[in-house]
Amino acid sequence: MMKDFLCLSDWSLTALEEIFALTKKLKDRQKNGEPHRLLDGKTLGMIFEKSSTRTRVSFEVGMYQLGGHALFLHSGTTQLGRGEPIKDTARVMARYCDGIMIRTYSQAGIEELAHWSDVPVINGLTDMYHPCQIMADLFTVIEHRGNYRDLSYCWIGDGNNMANSWINAAALFGFELRVATPQGYEPDAEVIARAQKQGVKLLLTNDPREAADGADVLNTDVWASMGQEDEQQAREKAFADFQINAALVKQAAADCVVMHCLPAHRNEEITDDVIEGPHSIIFDEAENRLHVQKAIMATLMGPNV
Ligand code: CP
Ligand code: NVA
């Protein structure tokens, strides 16, 4: 078993499917009001260098429901924010906490943190990946469609951390993925190359209609991610055709589902009517962050489950 949850590609298909199975069990127990204190007395340290609503709340509530406790640490108020080295922070936090969740910019930074930490480290988003979100997304697809397999997925918009993680997921889980981005906004070249070596069924295009054609799952995200606020205007121009709207949904399978990790910029990358419409599973997707992350934490930090 892996010590950390930094990137989907570090994990095996079997181990990730076990996380889905545990997610289902824990979600059922929570819905039935049955105690499931798998992390009784344990503490998760949560370091945030970027803003968050879902990630912070779902990890904190998740730890509480598992019988543990979560500490919110905004990096700006810690010594990390004043330049204390990651390797020192990692070793000190590992002496107090049973696990560390971090949301930051650099993937190399969290790899360094994990290297120096004796306790599990979980990626709560970097510029490169957002693996907890993809696990929640796929669990939501399973709930709505019975399975994640034999479906075609499309990604419309920016080749960002979410798109990179979807490519990792496509390579690992074996589903077909079509990614439509404007030219110059493609996903990470190394992520694509690694997935292609693994035989991924991946189509890269600049045409959103080609990506959405007959797709079972439509997925998008903001045009400018956290840290790219200065590029907002230029991106609005480049991404103007890359919107999930009623016309694009019509292009997809009649029973398609629409996803968005949130927060959304309504009527930019996705229209208001699609978010609120019958194909949207966006709020189930947000809820499942809680359940899937409980399973990830229990797997990494708990006794055998
Ligand atoms: N989807 C997601 O990670 O949301 P937050 O930025 O609110 O945590
Ligand atoms: N791509 C977005 C995801 C937010 C959850 C960002 O990095 O800001």
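Counting starts at 1 for both ligands and their atoms, following the listed order.
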(request) Could you find the nearest protein heavy atom to atom 8 (O) of ligand 2 and give me its residue, atom name and distance? (result) Met226 N, 2.8 Å

(request) Pick one of side chain, backbone, both or neither for how Leu262 approaches ligand 1, counting any non-hydrogen atom pair under 4.0 Å. (result) backbone

(message) Tell me whether Arg289 reaches ligand 1 (any heavy atom closer than 4.0 angstrom to a ligand atom).
(response) yes

(request) For the residue pair Arg289 and Thr55, confirm or rule out a side-chain donor-acceptor distance under 3.5 Å. (result) yes

(request) Compute the shortest N/O to N/O distance between Pro263 and ligand 1 and return yes if it is under 3.5 Å, no if not. (result) no

(message) I'd like to know if Lys237 pairs up with Glu231 as an ion pair, taking the criterion as any Lys NZ or Arg NE/NH1/NH2 lying under 4.0 Å from an Asp or Glu carboxylate oxygen.
(response) no

(message) Below a 4.0 angstrom heavy-atom separation, can you tell me which part of Gln133, side chain or backbone, both or neither, approaches ligand 1?
(response) side chain

(message) Is it the case that the side chains of His260 and Glu269 hold a donor-acceptor pair, with the cut-off being a distance below 3.5 Å and no angle test?
(response) yes

(request) Would you mind running through ligand 1 and noting each atom that sits below 4.0 Å from a heavy atom of Thr53? (result) 5 (P), 7 (O), 8 (O)

(message) Tell me whether Arg56 forms a cation-pi arrangement with Phe72, defined as NZ or CZ under 6.0 Å from the six-membered ring centre and within 45 degrees of its axis.
(response) yes

(message) Please work out, at 4.0 Å between heavy atoms, whether the side chain, the backbone, both, or neither of Asp127 comes within that distance of ligand 2.
(response) neither

(request) Would you give the length of the straight line joining atom CE of Met259 to atom OG1 of Thr140, rounded to the nearest 0.5 angstrom? (result) 4.5 Å

(message) Side chain or backbone, does His130 bring an N or O within less than 3.5 Å of an N or O on ligand 2?
(response) no

(request) Return yes or no for this condition: an N or O of Lys50 is under 3.5 Å from an N or O of ligand 2. (result) no

(request) Using heavy-atom distances, let me know which of Thr126, Thr55, Asp221 sits nearest atom 1 (N) of ligand 2. (result) Asp221

(request) Report yes if some N/O of Arg103 lies less than 3.5 Å from some N/O of ligand 2; otherwise report no. (result) no

(message) Within the 3.5 Å criterion, strictly below it, is a donor on Gln232 or Gln228 matched to an acceptor on the partner's side chain?
(response) no

(request) Take Glu143 and Asn288 through the test side chain to side chain donor-acceptor pair (under 3.5 Å) and record every step on the way to the result. (result) CA-CA 10 Å; Glu143 284 186 325; Asn288 283 330; 3.0 Å; yes

(request) Please state which part of Leu262 comes within less than 4.0 Å of ligand 2, counting heavy atoms only: side chain, backbone, both or neither. (result) backbone

(message) For Thr205 and Asp207, which I'm curious about, is there any donor-acceptor pair between the side chains at under 3.5 Å?
(response) no

(message) Looking only at distances, can you tell me whether any N or O atom of Leu125, backbone or side chain, sits closer than 3.5 Å to an N or O atom of ligand 2?
(response) no

(message) Any atom of ligand 1 sitting under 4.0 Å from a heavy atom of His130?
(response) yes

(message) What protein heavy atom lies closest to atom 6 (O) of ligand 1? Include the residue and the distance to one decimal.
(response) Arg103 NH1, 2.8 Å

(request) Give the intermediate values and the outcome of side chain to side chain donor-acceptor pair (under 3.5 Å) for residues His115 and Lys87. (result) CA-CA 8 Å; His115 173 79; Lys87 61 183 180 184; over 6 Å; no

(message) Any heavy-atom pair between the side chains of Arg54 and Leu290 that's under 4.5 Å?
(response) no

(request) For atom 4 (O) of ligand 1, grab the closest protein heavy atom and report residue, atom and distance to one decimal in Å. (result) Arg54 NE, 2.8 Å

(request) Considering only non-hydrogen protein atoms, determine which one is nearest to atom 7 (O) of ligand 2 and report residue, atom name and distance to 0.1 Å. (result) Asn161 ND2, 2.9 Å

(request) Could you verify whether a donor N or O on one side chain and an acceptor N or O on the other, from Asn168 and Ser9, lie under 3.5 Å apart? (result) yes

